[in-house]
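Numbered from 1 within each chain, the chains take letters A, B, ... in sequence-line order.
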Amino acid sequence: MDALRCFALVVAIAIGGCLGSTPDERRAAEIGTDPPEGPEHNPGNDCSLCHDFAVAGTVYLRATDATGLGGARLEITDAQGRSFEAITNPAGNFYVEVESGEGGFSVRDEGRTELGFDPAFPLHVRVTHGALEQEMVTSIHRERACNACHAATPGADSVGRVYLEAAP
Amino acid sequence: MSAPTRAWAATLAIALAACGAEPIPERPLPALDAEAYASRVHPVLRVSCASLDCHGDPGRPLRLYAEDGLRAQDALRGQPITVDETRWNAAAIAGVDPEAVAPDLHLALTKPLAVAAGGLAHGGGDVWPDREDPGYRCLRAWLAGESERPESIAACSEAAAAVDPYPPDAGP
């Protein structure tokens, strides 16, 4: 009987392995099978599932908002004291790409910032929009995708979205 | 300088540093005090180590719970740290080096200590530049069972103040 149970367990594991999700399937489950293109797509999702940005994420006005906040300014300072900025696009998305080793940064449109260095972790982040301001209370030690920790639903392993204003 | 040359220079520097360092005498560690961890050490590690992208990641060998990091349950998000969570943190720290023969040789101290100061390579970088850093002295005192000494309390307070995300004058 023990041998039979063991055999059944092995078969079950093998079948489970065959049916298990591939990285592409996990990505599709996260963002949908036919994601739209462009820098405003998939706000709130973990950018690193598909992209290799230096830093990227989504800012919301309030934690429960359905859509992101455009025009929010992020000021990010790396471990070597180098600061750079990003401004969110209408979907609330921003993304920073290392373009050269020449230093400095350049804020482009559509949420994109070109960076002249690879930022050294940990990073410190401040977000502003008009008179609203929030400073991240902890540092970013290695995660380049803000939404990996700032998922939509707060829980054991998520502190919830990046937002600027408490709900009224 | 080429990569092999740099690697050789680094190895030589570490070897020389090791040769020149005072040997650390072996000293059995006491049973770790979870209550002292919660009151003295947790405020330090909460910010400097336990973020969600470091030791707040349950997939890492040293898993730490914290108010702004990993919580033991979804419902605890936004709540103060619990006795169970700090007790499990204390157990996790003890568990990374259960056979440590002296507080200063415990992996929880040697990993975050700068390599130049005798520490080991750490994916999270050099958290403490040397053994005089208050964070190092705070955790060391707890591992040595000396958390309630005045100098240990002072070290923990200094280290916690340095990383406190909610200083008293920060407003709401």
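A:V59 and A:F53 fall into different hydrophobic clusters, where Ile, Leu, Val, Met, Phe, Trp and Tyr are joined by side-chain heavy atoms under 4.5 Å apart, directly or via other members. Hydrophobic clustering of Ile, Leu, Val, Met, Phe, Trp and Tyr side chains at less than 4.5 Å, counting indirect connections, unites B:L62 with B:V127. When the side chains of ILVMFWY residues are joined at heavy-atom separations under 4.5 Å, either directly or via intervening members, B:W128 and B:L64 end up in a single hydrophobic cluster. With hydrophobic clusters built from ILVMFWY side chains whose heavy atoms lie under 4.5 angstrom apart, A:F121 shares a cluster with A:F94. Hydrophobic clustering (side-chain heavy atoms under 4.5 Å, transitive across Ile, Leu, Val, Met, Phe, Trp, Tyr) keeps B:V47 apart from A:I140.
The two residues B:S51 and A:H141 have their closest heavy-atom pair at OG-CD2, 3.1 Å. Here the closest non-hydrogen pair linking B:D68 and A:V159 is O-CG1, 3.5 Å.
Applying the 6.0 Å contact sphere to CZ of A:R82 captures more than 12 heavy atoms from other residues, nucleotides or ligands. B:E151 CD: more than 12 foreign heavy atoms inside a 6.0 Å radius. Residue-environment remark: OH (A:Y163) stays at or below the threshold of 12 foreign heavy atoms within 6.0 Å. Within 6.0 Å of CD in A:E165 there are more than 12 heavy atoms belonging to other residues, nucleotides or ligands.
Side-chain contact between B:L52 and A:E143: absent, with no pair of heavy atoms (C-beta onward) separated by less than 4.5 Å.
Atoms CG and SG, on B:L70 and A:C149 in that order, are 10.5 Å from each other to the nearest 0.5 Å. Note that CG of A:D157 is 8.0 Å distant from CZ of B:R77, once rounded to the nearest 0.5 Å.
Residue with the most contacts toward chain B among A:G160, A:P122, A:G155: A:G155 (heavy-atom pairs, distance under 4.5 Å).
Among residues 53-60 of chain B, the residues having any heavy atom closer than 4.5 Å to a heavy atom of chain A are, in sequence order, B:D53, B:C54, B:R60.
Residue contact with chain B, scored on non-hydrogen atoms closer than 4.5 Å, is absent for A:T153.
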